[in-house]
J.: 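Quick one: this structure, given as structure tokens, is what I'll be asking you about.
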Amino acid sequence: MKMFTTLLNKIKSADFILVTMSTVACSAMSFIFNVYSKSIVADFPMGIYSTCLIAMTYMNYAQFGVLNAYNRDYPQALGRKDYEQAKRLKNSAMTFMLMIYLLIFVVFEAWVVIFYHGKIADDVYQGYYAFGYAMCPILILLKSFDDMSNYTVRMNGKYNKSAGIGLARTVIALVLGILCLRAFGYYGLYSMSIISAALGIVMFHKDSLKGARLDFDFTFMKGMIIAGLPLLINSLIWTIVQSVDKFVILGFLTTKDLGTYSVPTMGFTTMVLVPQTISQVFYIKINHLYGANSDENQLLEKASFFTAITAAVSGAACVFVFYIMPIFVGRFMPMYTNGNTATQILIIGVAVYSTTMVFGNIFSVLKLNKSLIANSVALCIFNAIFSSALVLFVDHSINMVAIGTGLSYALYSLLLIIKLARRFNYSMIKLLGSSWLPLLAIVVPGVIFYMVIPNLYVAAALALFTIMLVCATLYKLIFSKR
């Protein structure tokens, strides 16, 4: 019995691990749905779907930072045991979001009816646009309350329950979503998101919004907007960063190209998942370190060490995804093979950027918010200029957009290194040596093997051997000193 109790306590104490595992599993299931959808839906309708998703993404910011303020202030109120304030925050956030998204629903649905009236019968693709835009306010309404419910459960300390429900509802949504795809094609693309969000609201309700009441205290809502707006702006900038390449494609290429570009976007998501997760763990560690001694030089030294590890892992992940994506696309998404080259280009650029994720976290640790925002704005500008220029003056293709985006991320990475070197009066060569060098030592041979050796499997084997050799060398050089 004692052993069982001990085991139960260990499982409970592993809440963050369970949440992380659940998040990764849910991402994997979303990836499966995306892959399956591309085996059924062609690139042009997929481009329409991507366009509608962009509209939905920006609708999310109509909450004006109220949800951001809630996510920050609600757990603080619980920590102070100010349960009345916590209840007021929940009621006000729920009321404001319900009002604003119902208003968006009415206005947007009316626009769809007026704008697409008479067009649907003449053109099936106009029907796709009309349906997609009509789904946007419904999706964002459900997703916003799903997010609020999930965050509330976690802020109440029920991490394991959040992880369990998150996994269960995603499995159900995946199965039903695939059935909808098989039955309805393009129209089934929206099914998994709608089902998942609706299930989340229902399953989280007991521990999140149960007992919440409408509260029309507009003065209090105004205070929440003012408090949450800076957090919203920073999030908005990163959303723009991730949308620039898509806007360039919509502006200078075609909707069909945007559909094909969804494959490079998948490669981006796959490539960045591992280093992003690692950097989040190291972010906690450098926060603890700086909180303990407030030593900036030690902070940078430790960040450099963590960066070397992240860079080595990023290099291995880059080569793996670089080789596997064309094979994977050819096997499971044959209608999207035109996106393979753009995928490989983007993967390399993002890999370079991922090596400096921990360096980017230093700006957050030191509360250098202006520099953080300036860096993000710079990335937007770089991407817009490079991608547009390459498309206009070199070639009208998504490969040019991928090159521009990859160059932008690499330049952003270099900008971070330069700023840190100046801020800490630290050697830029050392910073490059702990970030770009481990990555390039793995990626360059891997890409060369891919280009010069006709047999892809032989090239992959040689690349794998090189990765193992370089990782072993890095282990000896880095870990033996620690």
Side-chain angles (χ1 to χ4, degrees), residues 26-58 125 128-129 131-133 135-136 139 143 174 177-178 180-181 184-194 196 239-273 321-322 324-350 383 387 391 396-406 408-409:
C26 292
S27 298
M29 282 183 275
S30 295
F31 182 83
I32 292 170
F33 182 81
N34 288 333
V35 171
Y36 186 76
S37 67
K38 288 176 176 57
S39 69
I40 293 179
V41 181
D43 47 8
F44 189 81
M46 188 62 70
I48 296 174
Y49 173 68
S50 298
T51 304
C52 294
L53 285 189
I54 293 173
M56 188 196 77
T57 299
Y58 285 93
Y125 292 128
Y128 287 169
Y129 274 115
F131 181 82
Y133 285 133
M135 287 296 102
C136 284
L139 270 167
K143 187 178 182 304
L174 174 63
I178 288 176
C180 289
L181 267 174
F184 306 112
Y186 167 84
Y187 299 103
L189 287 171
Y190 303 86
S191 59
M192 183 175 178
S193 298
I194 291 177
S196 178
T239 298
I240 296 173
V241 166
Q242 295 171 346
S243 305
V244 169
D245 49 355
K246 299 176 182 65
F247 286 135
V248 170
I249 292 172
L250 285 174
F252 299 112
L253 299 175
T254 65
T255 303
K256 182 178 178 179
D257 290 319
L258 182 62
T260 305
Y261 195 75
S262 63
V263 173
T265 301
M266 285 177 61
F268 172 96
T269 305
T270 304
M271 170 60 231
V272 84
L273 182 62
V321 178
F322 186 90
I324 205 68
M325 278 302 289
I327 300 172
F328 190 81
V329 172
R331 176 67 180 83
F332 297 103
M333 300 173 283
M335 290 186 289
Y336 292 82
T337 53
N338 290 339
N340 283 340
T341 301
T343 302
Q344 292 174 313
I345 294 168
L346 190 58
I347 284 168
I348 295 174
V350 173
N383 199 355
S387 298
V391 168
H396 279 65
S397 72
I398 61 172
N399 293 344
M400 295 300 106
V401 177
I403 291 173
T405 302
S408 302
Y409 276 103

J.: Using a 4.5 Å cut-off on heavy atoms from C-beta on, say whether the side chain of S243 contacts that of Y58.
T.: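 Yes, side chains in contact.
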J.: So K38 and M266, do their side chains get closer than 4.5 Å, heavy atoms only?
T.: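 M266 vs K38: side chains touch.
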J.: Measure across G349 and Y409 and return the closest heavy-atom pair with its distance rounded to 0.1 Å.
T.: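 Taking G349 first and Y409 second, the nearest heavy atoms are O-CB, 3.8 Å.
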J.: For the CG atom of D245 and the CG atom of L250, what is their distance to the nearest 0.5 Å?
T.: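 Result: 10.0 Å between the selected atoms.
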J.: Rounded to the nearest 0.5 Å, what separates atom CE in M56 from atom OH in Y190?
T.: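 Rounded to the nearest 0.5 Å, the CE-OH separation comes to 9.5 Å.
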J.: Going from CD1 on I249 to OG1 on T405, what distance comes out if it is rounded to the nearest 0.5 angstrom?
T.: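 Taking CD1 in I249 and OG1 in T405, the distance rounds to 7.5 Å.
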J.: Identify the two heavy atoms, one from G339 and one from P264, that lie closest to each other, and give their separation to 0.1 Å.
T.: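 The pair with the smallest heavy-atom distance is O-CG, 3.8 Å.
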J.: Rounded to the nearest 0.5 Å, how far does CZ of F247 lie from CD1 of I54?
T.: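 It is 5.5 Å, given to the nearest 0.5 Å.
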J.: Hydrogens and angles aside, do Y336 and T343 bring a side-chain donor and acceptor to less than 3.5 Å of each other?
T.: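 No donor-acceptor contact under 3.5 Å links the two side chains.
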J.: L174 and M29: which non-hydrogen atoms are nearest, and at how many Å?
T.: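 What the structure gives for the nearest pair is CD1-O, 3.6 Å.
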J.: Got a sec: does the NZ of K143 have more than 12 other heavy atoms crowding it under 6.0 Å?
T.: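 Incorrect, the count does not exceed 12.
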J.: For residues M333 and V35, determine if any side-chain heavy atom of one lies less than 4.5 Å from a side-chain heavy atom of the other.
T.: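 They are in side-chain contact.
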J.: Can you see which heavy atom on V401 is nearest to which on V248, and at what distance?
T.: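 Between these two residues, the closest heavy atoms are CG2-CG1, 4.2 Å.
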J.: Which value, rounded to the nearest 0.5 Å, describes the distance between S397 atom OG and F252 atom CZ?
T.: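 So the OG of S397 and the CZ of F252 are separated by 14.0 Å.
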J.: With distance as the sole test, does S196 use its side chain to make a donor-acceptor pair with the main-chain N or O of S193 at under 3.5 Å?
T.: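 It does not hold such a pair.
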J.: Between Y128 and Y125, does the ring centre distance come in under 6.0 Å?
T.: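 Yes, they do, as the ring centres are separated by less than 6.0 Å.
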J.: Against L189, only a single residue in S37, C52, C180, S50 fulfils side-chain contact (heavy atoms from CB on, under 4.5 Å); can you say which?
T.: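 It is S37; the other options fail the test.
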J.: Going from CE on M192 to CD1 on I178, what distance comes out if it is rounded to the nearest 0.5 angstrom?
T.: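 Separation between the atoms: 8.0 Å.
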J.: Return the minimal non-hydrogen interatomic distance between V321 and P326, and the atom names on each side.
T.: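 Answer, listing the atom of V321 first, then P326: O-CD, 4.4 Å.
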J.: Shortest non-hydrogen contact from H396 to V391?
T.: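 So the minimum-distance heavy-atom pair works out to ND1-O, 3.2 Å.
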J.: Which is it for T260 and D257 under the side chain to side chain donor-acceptor pair (under 3.5 Å) test, yes or no, and what are the steps along the way?
T.: CA-CA 5 Å; T260 305; D257 290 319; 5.2 Å; no
